[in-house]
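Both backbone and side-chain heavy atoms feed into the values below; hydrogens, waters and symmetry mates do not. If you read the sequence from its start, that first residue is 1, and numbering goes on from there.
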Amino acid sequence: MFTAKDVMTLREMSGAGMMDCKKALLETEGDMDKAMDYLREKSLAASAKKASRIAAEGIVDSYIHLGGKIGVLVEVNCETDFVAKTDDFKNLVHDVAMQIAAAKPTYVSKEEVDQSEIEKEKEILRAQAKNEPKPKPDNIIEKMVEGRIEKYYKEVCLLEQPFVKDQDKTVAQMINEAVAKIGEKISVRRFVRYEMGEGLEKKKNDFAAEIAEQIKG
């Protein structure tokens with residue numbers, strides 16, 4: 001059904017332990033894609049158990065885009081100073097910093113978004129839908145509005161954004177996988193992003209797209 005080489009391949013792809021990878025392949029009859037999904041689901045469950053624990057250690061990392069055009073500072077917390085000093089944790093934090101530089105989020109999570117702004121946006125979207133040449137039923141309009149709000153969250157909330165190094169997972173999923181591997185609660189506390197000339201009238205360059213391309217490369 002699967003070989004030892006398959007187990008090693010899955011381990012390299014997922015970062016999960018050898019026994020977890022073997023179990024995933026057993027459960028999914030050797031299907032690599034399904035095994036990856038299985039491990040991701042398990043990592044979500046494992047991170048949920050750690051969610052109530054306190055993460056008061058961690059590091060502040062920076063990322064400066066080539067030429068000094070974009071700068072990011074981000075604080076990511078974990079539970080112990082020991083984990084904060086590991087390469088796995090440092091690499092995770094640096095990935096988060098690059099994500100912020102490339103994808104330009106405004107908030108860490110949905111919970112930070114002002115709900116009064118969301119409700120106001122919903123009202124505008126409802127009004128627009130009702131004023132279309134062919135008005136739709138209210139239940140269809142509500143589904144459209146919720147869909148657009150979810151799209152908005154994916155644009156402005158760091159944890160909801162597709163991870164720039166792997167568009168098939170969100171930043172939250174990427175962090176949850178790290179939680180399962182490292183064994184501690186990990187949370188992004190805050191960040192600040194500066195872009196050269198932001199707010200000034202000048203020729204605009206898509207620096208975020210440049211960063212995303214460099215990361216992919």
Side-chain angles (χ1 to χ4, degrees), residues 7-24 36 38-112 157-195 208 211-212 214-217:
V7 177
M8 288 299 296
T9 300
L10 183 59
R11 185 183 184 188
E12 291 171 3
M13 290 170 60
S14 66
M18 190 74 77
M19 293 306 296
D20 288 333
C21 291
K22 185 176 180 180
K23 184 177 180 181
M36 278 295 295
Y38 176 92
L39 288 171
R40 285 177 180 173
E41 289 169 7
K42 290 294 181 184
S43 72
L44 287 173
S47 64
K49 291 179 182 178
K50 297 178 178 69
S52 61
R53 284 153 50 172
I54 297 172
E57 297 294 337
I59 58 174
V60 172
D61 191 32
S62 63
Y63 176 78
I64 306 298
H65 178 49
L66 185 64
K69 293 183 174 68
I70 291 177
V72 170
L73 284 174
V74 60
E75 178 183 346
V76 181
N77 299 132
C78 56
E79 295 179 53
T80 64
D81 185 52
F82 172 79
V83 164
K85 292 177 180 177
T86 62
D87 288 341
D88 282 341
F89 184 76
K90 290 177 182 177
N91 291 337
L92 167 72
V93 178
H94 200 62
D95 279 346
V96 172
M98 286 194 295
Q99 173 77 28
I100 295 164
K104 209 172 181 177
T106 309
Y107 308 94
V108 172
S109 64
K110 289 181 179 181
E111 289 72 26
E112 290 186 1
C157 299
L158 172 67
L159 298 180
E160 302 299 318
Q161 291 179 335
F163 181 37
V164 289
K165 286 186 174 181
D166 183 352
Q167 298 285 312
D168 291 331
K169 68 178 76 170
T170 64
V171 174
Q173 288 172 329
M174 180 270 289
I175 292 174
N176 285 334
E177 288 174 5
V179 169
K181 182 179 180 182
I182 292 172
E184 288 193 1
K185 177 181 178 180
I186 297 172
S187 59
V188 181
R189 186 179 177 216
R190 55 186 170 174
F191 66 84
V192 62
R193 180 186 187 277
Y194 295 103
E195 185 168 325
I211 294 171
Q214 285 188 9
I215 292 170
K216 289 177 183 177

For residues [X] and [Y], report the shortest heavy-atom separation together with the two atoms involved.
X	Y	result
Ile100	Pro105	O-CD, 3.5 Å
Ser62	Leu73	CB-CD2, 3.6 Å
Ile64	Gly71	CD1-CA, 3.7 Å
Ile59	Ala84	CG2-O, 3.8 Å
Val83	Phe89	O-CB, 3.2 Å
Glu79	Glu57	O-CG, 3.6 Å

- Task: List for me each residue that meets side chain to side chain donor-acceptor pair (under 3.5 Å) alongside Asp88, sequence neighbours excluded, and say none if there are none.
- Result: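 Testing Asp88 for side chain to side chain donor-acceptor pair (under 3.5 Å), a comparison that skips the adjacent residues, returns none.
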- With sequence neighbours left out, write down each residue that passes side chain to side chain donor-acceptor pair (under 3.5 Å) with Lys90, or none if nothing qualifies.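 Partners of Lys90 under the side chain to side chain donor-acceptor pair (under 3.5 Å) test: none.
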- Item | Heavy-atom check, side chain of Asp61 versus side chain of Val76, under 4.5 Å | no
What distance do [X] atom [atom1] and [Y] atom [atom2] have between them, rounded to the nearest 0.5 Å?
X	Y	atom1	atom2	value
Met174	Glu177	CE	CD	9.0 Å
Thr106	Glu112	OG1	CD	10.5 Å
Thr170	Phe163	OG1	CZ	10.5 Å
Asp168	Gln173	CG	CD	9.5 Å
Glu184	Phe82	CD	CZ	9.0 Å
Asp87	Leu92	CG	CG	12.5 Å

- Message: By the definition side-chain contact (heavy atoms from CB on, under 4.5 Å), identify the one residue from Asp95, Val108, Asn176, Leu159 that meets it with Val171.
- Response: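 Among Asp95, Val108, Asn176, Leu159, the one meeting side-chain contact (heavy atoms from CB on, under 4.5 Å) with Val171 is Leu159.
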- Query: Side chain of Arg193, backbone of Ala101: donor and acceptor closer than 3.5 Å?
  - Reply: yes
- Message: Evaluate Leu158 against Val96 for side-chain contact (heavy atoms from CB on, under 4.5 Å), listing each step before the verdict.
- Response: CA-CA 9 Å; Leu158 172 67; Val96 172; 4.0 Å; yes
- Task: Give a yes or no on whether Lys22 atom NZ has more than 12 heavy-atom contacts from other residues, nucleotides or ligands under 6.0 Å away.
- Result: no
- Message: The test is salt bridge (charged side-chain N to carboxylate O under 4.0 Å, His left out); show your working for Glu75 and Arg190 and say whether it passes.
- Response: CA-CA 6 Å; Glu75 178 183 346; Arg190 55 186 170 174; 2.7 Å; yes
- Passing candidate, side chain to side chain donor-acceptor pair (under 3.5 Å) with Gln99, options Gln161, His94, Lys104: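 So, applying the side chain to side chain donor-acceptor pair (under 3.5 Å) to Gln99 and each of Gln161, His94, Lys104, only Gln161 qualifies.
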